[in-house]
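Shown next, in structure tokens, is the structure this report addresses.
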Amino acid sequence: MPELPEVETVRRGLQPVMEGARILRVETRRPDLRFPFPEHFAQRLAGHRIVSLGRRAKYLTAHIEDAPVLICHLGMSGSFRVEADDDAHAPGNFHHERPKAAAHDHVVFHLQQAQGGEARVIFNDPRRFGFMLFAENGIDEHPMLSGLGVEPTGNALDGKLLAELLRDRKSPLKAALLDQRLIAGLGNIYVSEALWRAGLLPTRPAGTIARRSSKAAQSSERLATAIRSVIADAIEAGGSSLRDYVQADGSLGYFQHSFSVYDREGAPCRTPGCTGHIKRIAQSGRSTFYCPVCQH
DNA sequence: CTGGGGACCTGCTAGC
DNA sequence: TGCTAGCAGGTCCCCA
């Protein structure tokens, strides 16, 4: 589920509830997610104020007064849900009941909000590929984050940098773009989407768009632009869906996209004038979608 | 160093 | 209807 844009959408959804709030109590409903929770996980958070929420690649970070940075990863199926005490007064809730715990609710943060009032932020993760860890010495020192590559947001990732990153690589473009040490935050969906926008075949050896020819320079420029625009558009789409979702049921992290190639096997290519149909292949055991006609 | 494959988990769907 | 195989948006680890 969550690639960079989804994680960013979750961050923006949690921000108004969590920033400035005091953590009253943390419940862990099992000893582990993908990894065991850190020693004294709940005790080290309880009583402290959340200063800010950040994001690095697909990792959420919570910066907390007098506590280590909390790192959260959503894995494949993780999501957050917000329950505010106002929910007890919502239409239809005549008995002021708290919403029931759902299956796979693994962590509950009980918060005293800056504006007054209490809220709960609940982490749900059926597959338990997600995790929560402390970065004792800051996020850049943490082994899971220290090796991450450039963010595809902002202007740092241009054609020149992308060409440097891909130069001499023999792996397919698909694999290179999934490598978090090069570009941090792309996942299986947005790699297919970006390569389609750039008109580049996922199977093409990555190094071939990084040679010192003007044609290669054009390709790396197009790909850098495609990556940045795909990510920016998805964050934008997440932002607009956020308004609806928070009101609806407090759940964050899932929203409807319209993908151009992902999960569109057999459907007509949407490149103007292109007569191709989307193909699906497996690369390193994972699905890749592309148009065999307009991607080269 | 690079690249590939398996492992970790549960839930949903297509197909018989 | 019920069962099963296959697939799912991530990452680590081991191996060549």
Side-chain angles (χ1 to χ4, degrees), chain A residues 1-11 29-37 55-60 71-80 102-107 123-133 135 142-149 152 164-196 202-208 210 227 230-231 233-235 237-238 241 251-266 280-290:
Chain A
M1 175 234 357
E3 299 182 28
L4 186 156
E6 289 76 24
V7 177
E8 178 59 22
T9 299
V10 169
R11 188 189 73 80
R29 303 252 170 98
R30 47 174 302 128
D32 55 25
L33 296 170
R34 175 167 180 184
F35 308 116
F37 286 103
R55 179 193 57 73
R56 173 75 170 105
K58 304 172 194 172
Y59 298 84
L60 275 173
I71 299 174
C72 301
H73 198 288
L74 302 176
M76 292 276 265
S77 59
S79 65
F80 281 98
H104 310 298
D105 282 352
H106 301 311
V107 184
F123 180 69
N124 183 288
D125 186 5
R127 291 176 76 179
R128 271 183 277 126
F129 289 171
F131 51 86
M132 295 191 189
L133 298 171
H142 193 280
M144 288 190 139
L145 299 167
S146 58
L148 291 171
E164 275 169 37
L165 292 172
L166 300 183
R167 184 155 295 142
D168 298 331
R169 273 180 200 270
K170 291 186 296 178
S171 65
L173 276 172
K174 166 80 183 289
L177 297 190
L178 277 177
D179 188 338
Q180 304 297 300
R181 295 167 303 182
L182 303 178
I183 302 170
L186 297 182
N188 206 42
I189 292 179
Y190 294 110
V191 165
S192 279
E193 294 294 309
L195 287 168
W196 174 79
T203 48
R204 182 166 156 174
T208 62
I227 291 168
V230 146
I231 294 299
D233 290 354
I235 291 175
S241 71
S251 62
L252 300 164
Y254 296 89
F255 50 93
Q256 277 305 313
H257 293 280
S258 55
F259 300 123
S260 298
V261 286
Y262 185 81
D263 206 21
R264 293 192 66 239
E265 184 180 16
R280 180 183 118 154
I281 57 169
Q283 291 183 283
S284 342
R286 313 190 67 195
S287 292
T288 303
F289 299 84
Y290 69 100

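Just so it is clear, the values below take in all heavy atoms, side chains as well, and ignore hydrogens, waters and symmetry mates. Reminder, nothing fancy here: chain letters follow the sequence lines and each chain counts from 1.
- Note that OH of Tyr290(A) is 10.5 Å distant from OG of Ser192(A), once rounded to the nearest 0.5 Å.
- Between dT11(C) and His73(A), a contact under 4.0 Å exists linking OP1 or OP2 to a side-chain N or O.
- Among the nucleotides dT10(B), dG9(C), dA8(C), the one closest to the side chain of Arg128(A) is dT10(B).
- As a whole-Å value, the separation of Leu182(A) CG from dT2(B) C1' is 11 Å.
- With dT10(B), dA8(C), dG4(B) as the choices, the nucleotide that has an atom nearest any side-chain atom of Ser284(A) turns out to be dG4(B).
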All N/O contacts under 3.5 Å from nucleotides 13-16 of chain B to the protein, with atom names and distances to one decimal?
none

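- Listed candidates were dG9(C), dG11(B), dC12(C). Nearest to the side chain of Met144(A) is dC12(C).
- Between Tyr262(A) and dG9(C), a side-chain N or O to OP1/OP2 separation shorter than 4.0 Å is present.
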If pairs are Watson-Crick or G-U with both distances under 3.5 Å, what is the dot-bracket string of DNA chain C, marking crossing pairs with [ ] and pairs to another strand with |?
.|||||||.|||||||

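- Contacts of Arg34(A) with the nucleic acid, taken as non-hydrogen atoms under 4.0 Å apart, include base atoms.
- The only member of Gln283(A), Glu193(A), Glu3(A), Lys174(A) that meets side-chain hydrogen bond (donor to acceptor under 3.5 Å, both in side chains) when paired with Asn188(A) is Lys174(A).
- Taking atom P on both nucleotides, dC3(C) is separated from dC9(B) by 25 Å, rounded to a whole Å.
- Once rounded to the nearest 0.5 Å, the distance linking CZ of Phe35(A) with CZ of Arg128(A) reads 13.5 Å.
- If you check every strand for non-hydrogen atoms under 4.0 Å, Gly187(A) touches sugar and phosphate atoms only.
- A 4.5 Å side-chain heavy-atom check between Leu177(A) and Ile227(A) finds at least one atom pair inside the cut-off.
- Contact annotation: Arg169(A) side-chain N/O to dG3(B) OP1/OP2 distance is under 4.0 Å.
- Between Ser287(A) and dA8(C) there is a side-chain polar atom (N or O) within less than 4.0 angstrom of OP1 or OP2.
- Within the 3.5 Å criterion, the main-chain N or O of Ser260(A) finds a donor-acceptor partner in the side chain of Arg264(A).
- A donor-acceptor pair under 3.5 Å links the side-chain atoms of Gln180(A) to the main chain of Gly185(A), judged by distance alone.
- When distances are taken from the side chain of His104(A) to each of dG11(B), dA8(C), dG4(B), the shortest belongs to dG11(B).
- For Phe123(A) and His106(A), the ring centers are positioned 6.0 Å apart or more.
- Computed from coordinates, the Asp125(A) CG to dT10(B) C1' distance equals 10 Å when rounded to whole Å.
- We find that CD1 of Ile189(A) is positioned 17 Å from P of dC7(C), with the value rounded to whole Å.
- No hydrogens or angles were tested; on distance alone, a donor-acceptor pair under 3.5 Å links the side chain of Arg127(A) to the base of dA8(C).
- Asp125(A) has no carboxylate O lying under 4.0 Å from a charged side-chain N of Arg127(A), or vice versa, which leaves the two without a salt bridge.
- Residues Tyr190(A) and Pro5(A) are in side-chain contact: their nearest non-hydrogen atoms beyond the backbone lie under 4.5 Å apart.
- One can place CG of Leu74(A) at 16 Å from C1' of dT10(B), the figure rounded to the nearest angstrom.
- Side chains of Ser79(A) and Asn124(A): no donor on one and acceptor on the other come within 3.5 Å.
- Checking dG3(B), dC8(B), dG9(C) against the side-chain heavy atoms of Ser171(A) singles out dG3(B) as nearest.
- Residue Lys170(A) has no polar side-chain atom (N or O) positioned under 4.0 Å from OP1 or OP2 of dG3(B).
- When distances run from any side-chain atom of Arg286(A) to the nucleotides dG4(B), dG11(B), dG9(C), the shortest one goes to dG9(C).
- In this structure, the aromatic ring of Phe129(A) is positioned over the six-membered ring of the base of dC8(B), centres within 5.5 Å and planes within 30°.
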